Structure formats: structure tokens, C-alpha cells
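Everything below concerns the one structure shown next.
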Amino acid sequence: MSTDTPALSLARTLATAGRVLRQLRHDPRTIALLLIVPVLMITLLRYVFDGDPETFDTIGASLLGIFPLITMFLVTSIATLRERTSGTLERLLALPLGKGDLIAGYALAFGAVAVAQSLLATAMSLWVLGLDAIGSPWLLLLVALLDALLGTALGLFVSAFAASEFQAVQFMPAVIFPQLLLCGLFTPRDQMHPVLETISDVLPMSYAVDGMNQVLTHPDITGDFYRDILVVAGSALLVLCLGAATLSRRTT
Amino acid sequence: MMNSARTADANAVEARGLTVVRGGRTVLRGLDFTVEPGRITGLLGPSGCGKSTLMRAVVGTQAKVTGTLDVLGRPAGHPSLRPRIGYVTQAPSVYTDLTVRQNLDYFAAVLRPGRTHRASREEAVSRAIGDVDLTRHADALAGNLSGGQLSRVSLAVALLATPELLVLDEPTVGLDPVLRRDLWNLFHGLAADRGTTVLVSSHVMDEAERCHRLLLMREGEILADDTPDGLRTRTDSATVEEAFLHLVDEATANQATANQATANQATANEATASEATASETAASGATEDEAAACQEKTR
């Protein structure tokens, strides 16, 4: 048996991802909620804007990016909080498991769930509800996946600062709502107060929503689209690393 | 997997001046102790005396540890120790939304990752489940098990790696007498057949009789480090429980005497000081307040 613990081992990462998915499989209601709620919401939105299909296109596309971010944020922050409070985290870190294995395992597992969730919601929007996107549906899916990873990363990170589930769910309005208000969903960002516009420039969700709208309005991949997915992916990676730093092998 | 690297005379755990600060409080105060290899060492003392903190320090999950603490020849917490130590926390730390076997499969995959080890993993999982007598419940969801069964799942996880050192934090709490006996038989079997060193804590004194050696703890200090027989003989007691109480009373009495001595010393100093101040005051005609301030200073 090898005695060293590499920061990242593929086999241990895959084992962790498999374990997280297996846990989820014992909880069919959560799976159903994860998959069906976004589809229902986007359907609701379609009929809210029944007389205004263009608004449905913009807001619908934005929501396809926002759903995975919010749901993965919630699921991950609770799941990792449970890992911290149940003692399994302490046990895992006393074993030869790299912190990177745990983080990447979670990202992989919830990334897979996000792909399923986004496939359903995107397919429903494009082919049933008539969302009119000029670009490729695969690009919509790519942005949704990156958004899900960002949500997973943020959830992992904030779970370190929550002592209970009550606190963890409160981080949702604290971390997600400001981004939701400033991401350009309600009003174009260049019409906001200049201070808010500057703030929205540094919040990753702004790029997630912009990326969706780039696909919506352009037949080809634009330079802005590249910038958007790079910013979202980079933010996710950065926050994942911050999350790894909050996992301590020793308790105080 | 026997432990060829271990020499017969090296201690499994060796602590010198071990001090731990946890949550702003000094929980362990300069402890010196050793744990012999291949034996069962019981760590006994009332709850809150620092047993769990000591175990966390040995396993390497405790921060703010000062002094020397060597485990299996390496400083505690060294990465190479992780697969060699099995650790069972007081609260069962397993995934309640997985079955017993799924729990063990995952921890086994962390210990011995990769396809090449699949067969040996399956063997280790089945053996560990058998060791804790849960074969009939292998496919039950951990969340549906009773408290005692759940803590045995937690123990099974620690047995997976055939560890050289097994650290068990109150593993028999809440178990019925039959299970307790079975577990103690298992611990003795591990020590005798696999050469495992077992460090086990308990606040139930009748379990002490089953250990080869005992460390009695009280308020972050070690009261005694002896065999159960040695303890009883030394304190002229019939049971370890009696011996422990004897030692606690002795320590309390010693402490009281020491406190009394310090207090007496302080009172004496004070008396001398106030006498001196009083005479000075009288001589210089200073106010009473000044005298009091003076006295405060001497104190």
C-alpha cells in the first residue's frame, strides 16, 4: 500500500464522486426536485410572458444559467456541511485522501447532476416552450455546466462558515441574491447606477447570464462568449481552491 | 499484512511534555506517557478530562499540540501514518444515507484505490463486516440501524486497513453486555493475532480490567500509568474503580494541601505587608486611602 497522499488521485476522486451519487440515489425525492423544479419554473415563466415571447427568450435563457448555479449551491453547501458535522470529514482527512480528491469528487458528482438537470430544462425550453435561441444548444449546455460548477464551488466554500443547516441556507440570499439583482436579469447592467455596474462587473453570475444571452443572439461563438465562459470557469476554479483551503486536517 | 518494520522494543506511542490547547483552554498539561505495541491500553477518566483530545492528538487531527508526540516512530499527524492508524470517533462517523457495505466500499477505495486492488478491497470489506458481526445487515441502510449497530459500522471502517494502531474513543458506550464482551474479545484477538496496538478510552471502570495497561486521567493530567493488577496492589483496592477513586481523592487532597500552603503563604505575606504599611502610615501621617493603595501594590 502506498503511504504518500498525492493532492489529487483519479481513483480516489472517482470513488468520492461515486459515493456522493450513491448517497443521492438513496434520496429519490431530492433527485426528482433537482430535475423537475427547473423544468416547471421555465414552463411557468413561458406562460407568465405569454404575450411577450421576446422577454421570455431573454429571461428564459438567463434562468437556464441561473438554475444550476442556485440548486448546486444549495445542495453542495448542505452536503458538505453534513460531512463536516457528522465527523465523516474528520475521518476522511485522517485517511490518505487528498483535499483535492474530495473537492473534485463533489464537483464531478454534482456536475453530472447539473448536466442531467440542464439537458432537461434546455430541451424543454427549446423544443416544447419555443425559446428562440440563434446559437447552438450545446453552448447553452456548456454555460449551464460551468454555472453548476460555480454553484458547487461557492456552496463548498460557504459551508466552512456555517455552523448549522439554518446558517447554510441563509447564505443563499446572502451570496446569490445580490448577484441575481446585479447580473442583468432585471435590467441591462449598463443602465444601473455606475457603482452597481462596477460591482456587477466583478460578480461571476453577470458573465454566466451574459454567456447565455450571447448564445441566444449570435449564430456563432463570439469573443464575448469566450470571455464569459473563461470568467465563469476561472471563478469556479478559484473558489474551489479557496474551498480546499478551508478543509483542515486538524481541528482547533 | 504484518508489521515487519516494527521493532519489538519501540513504543507505539511516546509522549513527552504533551500539551494541547483546545478552544482557548489548556486541555492536556505536559503529559508524559507511552503506549506499548501489541497491547491493549485503556485510557480511563471522567468525561471532560481530555481523553478525546489526547486521542485526536495521537491520530493527528488535533491542532495546537506542543511537546513531543511520536506515533509508530513518526511525529503524530505525519502523512505516512494515515493508512497505518485506525480511528473511531465517539459519535459514529459514517454516511447514514448509504448501506453498510457501500460505506465500507468507499472508505476501502480511499485506502486502496484503483482497479488492481478490487479483489483485496472486497475481501477487506467482507472481513471487517464479519469482525463486527454485521454480515446479516450488510445491505441495510446505515440510517436504519440501531445506535449500537451504527457504532459497529464506524468500528468496521477503522478495521479496514488492518491498522497497526487502533484508536477507539469510547467504542462500547450504549452497547448491551453481550456485544460489549464480543467487542472486547475482538480487541484481544486483534492484539494477539494481528499484533495490533489498541488504545481505547472509556469512562466505565469495569472495562479497565480487560486492558493490559491503564492510563488514568483526570483534568488533563495522568494520575497513573500501570497494569490493572499493579494499580489495585499499589492502592490496596479490590477493583480498578476503587483504585481510581483512591487516586482521585489522594490528588484532590494533595491539591488542597498545596492550595492551603499557597493561601497561607499569601496571608502571611499580606499580614507582614499591612503591618509594615500601617507603621509607615502612622509615621508619615498619610491618609487611609494611600495605605490601602500601598497594600494593593504589595499584594
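Treat the numbers as computed from the prediction; the structure is a model and nothing was measured.
- The 12-atom threshold is not exceeded at CD of B/Glu123, counting heavy atoms of other residues, nucleotides or ligands nearer than 6.0 Å.
- For a residue to count as touching a neighbouring chain, one of its non-hydrogen atoms must lie under 4.5 Å from one of that chain's; by this rule B/Ser154 touches chain A with backbone and side chain alike.
- Residue A/Arg82 places its CZ atom among 12 or fewer non-hydrogen atoms of other residues, nucleotides or ligands, all under 6.0 Å distant.
- Contact of B/Ala108 with chain A is not made at all, since no heavy-atom distance falls under 4.5 Å.
- Only the side chain of B/Arg56 has a heavy atom closer than 4.5 Å to any heavy atom of chain A.
- Nearest heavy-atom pair, B/Leu111 versus A/Arg12, reported as atom, atom and distance to 0.1 Å: O-NH2, 3.9 Å.
- The shortest distance between side-chain heavy atoms of B/Val88 and A/Arg91 falls below 4.5 Å.
- Heavy-atom distances place both the backbone and the side chain of B/Val110 under 4.5 Å from chain A.
- Heavy-atom distances place both the backbone and the side chain of B/Tyr87 under 4.5 Å from chain A.
- Shortest non-hydrogen contact noted between B/Ala109 and A/Ala15 is CB-CB, 3.7 Å.
- Most heavy-atom pairs under 4.5 Å with chain A: of the set B/Val65, B/Val157, B/Val94, B/Val59, this distinction falls to B/Val157.
- The shortest side-chain heavy-atom distance between A/Arg22 and B/Thr99 does not fall under the 4.5 Å cut-off.
- Using a 4.5 Å cut-off between heavy atoms, B/Leu141 touches chain A through its side chain atoms alone.
- Atoms CG and OH, on A/Leu97 and B/Tyr106 in that order, are 5.0 Å from each other to the nearest 0.5 Å.
- Considering CZ of A/Arg249 and CZ of B/Arg82, their distance stands at 3.5 Å, rounded to 0.5 Å.
- The minimum heavy-atom distance linking A/Ala11 with B/Gly114 is given by the pair CB-N, 3.6 Å.
- Residue with the most contacts toward chain B among A/Arg25, A/Arg19, A/His26: A/Arg19 (heavy-atom pairs, distance under 4.5 Å).
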